[in-house]
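Computed from a prediction, not measured in an experiment: that's the story for all the values here. Note that these values count all heavy atoms, side chains included, but never hydrogens, waters or copies made by symmetry.
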Amino acid sequence: MPTYRIPVLVWEDHSGYFTANLVEDQEAPAGVGATAAEALSQVKEYLEWVYQNQSSHSLPDFLAAKLVTIRVEVRPEYQYDSRVYPCDEVMTLRLPCVYGQNDNGSLCCSLPTLGVRFFYQAQDKLKDLVKHYAQERFRGLTPRALSRFLPAKQTSLEEIVLHINRKERRSGYTPSLEALETIAEPLGDKKLRRQFSRAWERDYQVTDLVRRLSHEKANVLLVGDSGIGKTTLLIEAVRQIESAAAKNEDDEDENDRPRFKFWQTSGARLIAGMQYLGEWQARCEHVIEELSGINGVLCLENLLDLIRSGTGNASESLAAFLLPFMQRGELRVVAEATPAELDACRRLLPGFVDVFQLLQLYPLTEAAALTVLNRIAGNHARNHKLEIPDGVTTLIYRLFKRFQPYQAFPGTTVAFLHELVERNLRAGNKAIAQTDVIAQFVRQTGLPELFLRDELPLARAEVLATFRQQVIGQETACQAATDLVVTFKASLNDPQRPLGVLLFCGPTGVGKTELARALARYFFGHGEHKDAQSERLVRLDLSEYAGWGAAQRLLLGPDGEPSEFLKKVRQQPFCVVLLDEVEKADAAVFDVLLSLFDEGRLTDRYGRVTTFRSAVIVMTSNLGADKLETVGFETKGAPSYSREAMNFFRPEFFNRIDAVVQFNSLSKDMMRAIVNKELGEIAGREGLSRQNLRLAWTAELVEHLIAVGFDQRYGARPLQRTIESLLVAPLAKHLLTNKDLKNGTLQITLNDDNIPQFDWLGNATVP
C-alpha cells in the first residue's frame, strides 16, 4: 500500500490557537485546535475520509516541500464612489511560502495564508513572483482588512503520513476519456503498434526518451528529417514505459486503472468540427483535464501544424493556447518536427519551442540501415514463410541511395519492403528475388530497368535515334537530351541538384514541349501508368505568375497549404517539370527558382520542403525568336539564343542553367517528316486499331496539308489543327457511315477539289 507524505502549514496566532492548512489543496477546510497536534489530527481525518469516499480526488502531488518567509511591502487603499485613495504609509508583511515540485518535475509554490498557488520556471525568480502574486491579492484592501494577514506568532511546516489503498479507492471508478477518444488514438494500442516496426539500431535514443518521459516528466520534441523514424522511436519508448508501469502496479486492479496514457493526435484533429468561437478552446480544456486525470501525455504528429491551426495567427493558435498549460505543468506534450519546421516554429511563435527538451535523431549509417532492413525482412520471412535472400535488402538500400539520396533512412526503404512483401503474398509467391525488387522500383519511380541495372549497356546512338524519331529536325536539342540521359546512366549527375536544368529557346511550334514530353516518356514512362505525359510531366505556365504575389502563389495555395504544383511533385518526385514562357514570370519567381536549380529543393515560409532532385527541369522561352529574318520555310538568319538569355536573366540565374538548347525554324523537309509522323499517330488511335484498320496516304496529301496548315510564325501547331479539321473529321464520318470496314487498309487521297477521299484496299498491298 503506497505511503504519501502530505505537507501542511501550521501557525500559532497571538491568542494561542493553532491553525493547520494543506499546502496543496487550499480549498480544503483548515484544522483549528489548542495544540498543533489537534489541528493536524483534524486535517488528517478529513483526508482519510476524502480518499475513502471520493474516488476522483487527485492523489497528493507536492514533493520536497520547503518553508521560507518572504517580506512583502503593501500599500493599503480605500475605495469610495469608484475612486481609490492610497494610504501614505506602507505595511510590511512576512508571508510564509512553501515551495517544491510536483510529480512531473515542475516547480510549484504555495502561499497557504493567501490561498494562492502557482508554477514557475527558475528558482531565482521565486521571491519576485511571490511579491507579484501577494500584491495582486492585497490590491484594494484597507488597513483593517490587511491586519488579518499580519505575521503569526510562529509558523512551521509539518507532514501528514497517509497510506492510500489505490485499489479500493478506484474500485468501480473509470475515468472518462470522451474528449480524448474523439480526437486521438492511444499509442499503447497493439493495433496501432502493428503498423510500425521496432526501433532497431536506436537503443540509446529509446533509453534517453524513456528517461525524459518517465523520470524527468519533460515535454520532448523529436527532431529529425521525414522518414528517419521519429514516430517509431516514440512508440517503442511508450511500449517500454507502459510495460514497466504494468509490472510496478500489481497492487492495482488492471481492469480499473487507465490502460493508455500516451495519446497521439494532430492540430487539425483538435479543431475538427469546431465552427464557433471558443469551441476548440473548450475541447482543448476537456482534453487537458482528462489527461491530467490519468497523468497522460499528448503526442503530436507535427509541431508546426499546432502553430498553424486555430485562427491562422500564430499568436492565437493552438500552440499559443496550450503554452500556458505546458508552462504550469498541467499538460505534457511530445511532438515531432523536421529541422526546417523547427526553425519555422521558432520564427512564428518565439518561446514555444523553449518549453521542450530537444531530442535530435540523426540518419542511420549504411551498416545500421542494412541491419534494420535485414531484421524487418527476417520478421516477414518468419511470419509469412517467405524466402528473402540477403541480396534483396542490399539491393533495396543501393537503389534508394542511388536514386533517392535525399530521403532519410529507414522510412522509405521500410515502406518499400512492406509493399514488396504484400505484393508477393497477393501473387502467391513463396520467395522474393532481386528481379522482384527491380520491378517494384520501376513501378514506383517509372525509371526503366536499364537505369537500375549497371550490367545493362546503353548506347548513345540508340538514345539519340529515339529522340530524333519523336522530335523532327532539332538535332541540337536531341543531342542535349541524349547527353542528359547518358550522364544519368553513368551516375555522373550531381545528387544535390535536379537531374538537369535546361532552357529551350526558339520560335513557337518547333518542338520544345514535345521534347519535354519525350524526356518524360524516356526517363519515367515505365511505371504502372503508361500515360507519361499526364502523370510524369508537371507543366506550369509562368506567364500566369507575373505581378505582385506571384512567388507566394507558386509555393502556397489560398488555404496556406502547398500549391497544386508542389503537391504534384511531392506525390511523384520522378517527373519532368516544364516551365513554359519562363521569361514572363515576376522577378520574385526567379529568386525562388534559384534555390530549386542550385539545391534541388523549395522551402515555404512554414519550413515545408519539396525536393526536385529526382526531376528534370525544362524551361521554354521565345527569347530571340523575334529576331529571325526568314522568308518562306528556310531560315536566313538565326539569333544567338544563349546571348539573348544571358542578356535577359541575371548572372546568378543564368549560371545555374545546365544548357541553353537552341530550336531552329522548320524547313520544308522537316514539315514532311512531321506530317508523316502525325498521320502515323492517327493510324494508331483506338477507333482504327479496334477495327484492325491501317492507313495509307499519298505524297500529294502530305504536300496539301503542308500548304494549308503551315505558318512560319506559329510553327507546327497550326498544322496539327489543320490535320484534325481537314482529315480526322472526314475520316470519322466515313468510318461511322461504313461500319463494316475492318481488317484491311484504307488509303487517303485527294480528289480534284483537294478534298480527302477514302479508298478501301482490303488486304491489297499498298503501292
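- Heavy-atom neighbours of Glu561 CD from other residues, nucleotides or ligands within 6.0 Å: above the threshold of 12.
- Of the N and O atoms on the side chains of Asn493 and Thr487, not one donor lies less than 3.5 Å from an acceptor on the other residue.
- Between Phe504 and Phe663, the ring-plane angle classifies as tilted under the 30° and 60° cut-offs.
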(request) Start with the C-alpha gap between Lys584 and Glu581, add the side-chain angles, then the distance that decides, and say whether salt bridge (charged side-chain N to carboxylate O under 4.0 Å, His left out) holds. (result) CA-CA 6 Å; Lys584 297 181 181 179; Glu581 299 187 84; 2.4 Å; yes
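- Residues Arg643 and Phe648 form no side-chain contact, since every pair of their non-hydrogen atoms from C-beta on lies 4.5 Å or further apart.
- Using a distance-only test at 3.5 Å, with no hydrogens or angles considered, no donor-acceptor pair links the side chain of Gln691 to the main chain of Asn743.
- Side chain of Ser621 to backbone of Leu623: a donor-acceptor contact under 3.5 angstrom is found.
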Using distance only, find each side-chain donor-acceptor pair of residues 545-558 under 3.5 Å and give its atom names and separation, not counting sequence neighbours.
{"from": "Arg553", "atom 1": "NH1", "to": "Glu544", "atom 2": "O", "distance (Å)": "3.3"}
{"from": "Arg553", "atom 1": "NH2", "to": "Glu544", "atom 2": "O", "distance (Å)": "3.2"}

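- Using modelled atom types, no side-chain atom of Arg539 and backbone atom of Thr513 make a donor-acceptor pair closer than 3.5 Å.
- Counting only N and O atoms by type, the side chains of Gln470 and Arg521 include a donor and acceptor under 3.5 Å apart.
- In this pair, Phe590 and Phe653 present their aromatic rings tilted. The plane angle is within the 30 to 60° band.
- Of the charged side-chain nitrogens involved, none lies within less than 4.0 Å of a carboxylate oxygen, so that Glu681 and Arg685 do not count as a salt-bridged pair.
- Among residues at least two apart or in separate chains, there is no salt bridge (charged side-chain N to carboxylate O under 4.0 Å, His left out) pair with a member in residues 427-440.
- Salt bridge present: Lys567 and Glu564 bring a charged side-chain N and a carboxylate O closer than 4.0 Å.
- At least one donor-acceptor pair under 3.5 Å links the side chain of Ser689 to the backbone N or O of Glu686.
- Side-chain atoms of Lys512 come within 3.5 Å of backbone N or O of Pro507 as a donor-acceptor pair.
- None of Phe451, Phe524, Phe574, Tyr522 except one satisfies the ring-ring contact (aromatic ring centres under 6.0 Å, His included) rule with Phe488; the exception is Phe451.
- With 3.5 Å as the limit, one finds a donor-acceptor pair spanning the side chains of Gln479 and Glu475.
- Residue pairs that meet the salt bridge (charged side-chain N to carboxylate O under 4.0 Å, His left out) test with at least one member in residues 741-763, sequence neighbours left out, do not exist here.
- Shown here for Trp697 and Gly680, the closest heavy-atom pair between the two residues is CH2-N, 3.8 Å.
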(request) Dump the intermediate steps for side chain to side chain contact (heavy atoms under 4.5 Å, CB included) on Cys575 and Phe612, then the final yes or no. (result) CA-CA 9 Å; Cys575 62; Phe612 291 80; over 6 Å; no
(request) With side chain to side chain donor-acceptor pair (under 3.5 Å) as the test, would you mind laying out the steps for Asp580 and Thr620 before giving the verdict? (result) CA-CA 5 Å; Asp580 272 332; Thr620 66; 2.8 Å; yes
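- A salt bridge between Glu678 and Arg672 is absent, with no side-chain N of the basic residue lying under 4.0 Å from a carboxylate O of the acidic one.
- Ion pairing between a basic and an acidic side chain is recognised when a charged N comes within 4.0 Å of a carboxylate O; Asp658 and Arg497 show such pairing.
- The backbone N or O of Leu458 sits nowhere less than 3.5 Å from a side-chain atom of Lys489 that would complete a donor-acceptor pair.
- With Asn738 contributing its side chain and Asp740 its backbone, the two residues share no donor-acceptor pair below 3.5 Å.
- Looking at Leu593 and Leu579, their side chains come closer than 4.5 Å, going by heavy atoms from C-beta outward.
- In this structure a side-chain-to-backbone donor-acceptor pair under 3.5 Å is present from Thr466 to Glu462.
- Between the side chains of Arg601 and Thr611, no donor-acceptor pair is found at a separation under 3.5 Å.
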(message) side chain to side chain donor-acceptor pair (under 3.5 Å) for Asn664 and Gln662? Distances and angles first, verdict last.
(response) CA-CA 6 Å; Asn664 301 318; Gln662 176 176 329; 3.0 Å; yes
(request) Show your working on side chain to side chain donor-acceptor pair (under 3.5 Å) between Gln440 and Glu419 and close with a plain yes or no. (result) CA-CA 9 Å; Gln440 174 74 8; Glu419 184 177 352; 3.1 Å; yes
